[in-house]
Amino acid sequence: MSNHSRFNERCYQLLKLVPEGRVTTYREIARALKSNAWRAVGSAMAKNRQLIVIPCHRVVRSYGSIGQYASGVDAKANLLIGEGVDIVDNKVKDLKKHLFQFGH
DNA sequence: GGCGTGACCCCAT
DNA sequence: TATGGGGCCACGC
């Protein structure tokens with residue numbers, strides 16, 4: 001385990017584990033890191049410049065709202081829909097169905 | 001070495 | 001059912 005990594009990078013590594021058609025939440029990532037820094041997780045995503053390598057479009061809010069995205073919420077919604085996630089009015093229709101958990 | 005900021009969360013009106 | 005406000009943490013200046 002490299003606890004030497006920056007918090008941001010640990011978020012990215014976790015995010016890479018989320019497969020297509022699945023989503024996770026800012027809170028789940030923080031929880032997986034044994035932290036309550038959901039805020040910091042959001043900041044980490046915002047600073048992500050490698051949109052292709054790091055699929056931050058698969059991160060949504062706890063209530064299912066898709067939140068924000070560097071290229072706009074519409075792009076985020078379309079990407080998710082393209083992966084098979086049901087999106088209605090910028091919200092995940094059935095979060096429980098698509099939610100990927102890191103095993104806790 | 002302190003302070004503001006942000007792709008958030010949740011409860012109380 | 002909609003909003004408001006307080007709280008949480010890492011990062012950069």
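The chains referred to below are lettered A, B, ... by the order of the sequence lines, with proteins before strands, and numbering in each begins at 1. As the structure is a computational prediction, the values presented were derived from the model and not from experiment.
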**Q** What is the distance, rounded to the nearest whole Å, between atom CZ of A:R6 and atom C1' of C:dC9?
**A** 15 Å
**Q** By nearest atom, which of the nucleotides B:dC8, B:dA7, C:dC9 is closest to the A:R61 side chain?
**A** B:dC8
**Q** If you check every side-chain atom of A:K47, which of C:dG12, B:dG6, B:dA7 has the closest atom?
**A** C:dG12
**Q** Between A:Y63 and A:Y26, which has a closest nucleotide on DNA chain B that is more 5'?
**A** A:Y26
**Q** A:W38 has a side chain; which of C:dC8, C:dC9, C:dC11 sits nearest to it?
**A** C:dC8
**Q** Are any of A:S43's side-chain N or O atoms less than 4.0 Å away from OP1 or OP2 of C:dC11?
**A**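 The answer is no; no side-chain N or O of A:S43 sits under 4.0 Å from OP1 or OP2.
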**Q** Could you please name the option among B:dC8, B:dC9, C:dA10 that lies closest to any side-chain atom of A:A40?
**A** C:dA10
**Q** Would you say A:N8 places a side-chain N or O within less than 4.0 Å of OP1 or OP2 belonging to C:dC11?
**A**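 A:N8 to C:dC11 OP1/OP2: side-chain N or O found under 4.0 Å.
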**Q** Side-chain donor or acceptor of A:R39 under 3.5 Å from a matching atom on the base of C:dC9?
**A** no
**Q** Output yes when a side-chain donor or acceptor of A:D89 lies under 3.5 Å from a complementary backbone atom of A:K91, and no otherwise.
**A** no
**Q** In whole angstrom, what separates A:R49's CZ from B:dA7's P?
**A**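 It works out to 11 Å between those atoms.
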**Q** If I take atom CD1 from residue A:I29 and atom CZ from residue A:F102, how far apart are they, to the nearest 0.5 angstrom?
**A** 5.0 Å
**Q** Taking A:R58 for the side chain and A:L80 for the main chain, is one N or O donor matched with an acceptor at less than 3.5 Å?
**A** no
**Q** Please give the distance between the P atoms of C:dT3 and B:dA7 as a whole number of Å.
**A**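 Each nucleotide's P atom is 22 Å from the other's.
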**Q** Would you indicate, yes or no, if B:dC9 has its OP1 or OP2 atom less than 4.0 angstrom from a side-chain nitrogen or oxygen of A:R27?
**A**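 So the side chain of A:R27 is outside the cut-off, no N or O lying under 4.0 Å from OP1 or OP2 of B:dC9.
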**Q** Using modelled atom types and a 3.5 Å cut-off, is there a donor and acceptor pairing between side-chain atoms of A:K76 and backbone atoms of A:V60?
**A** no
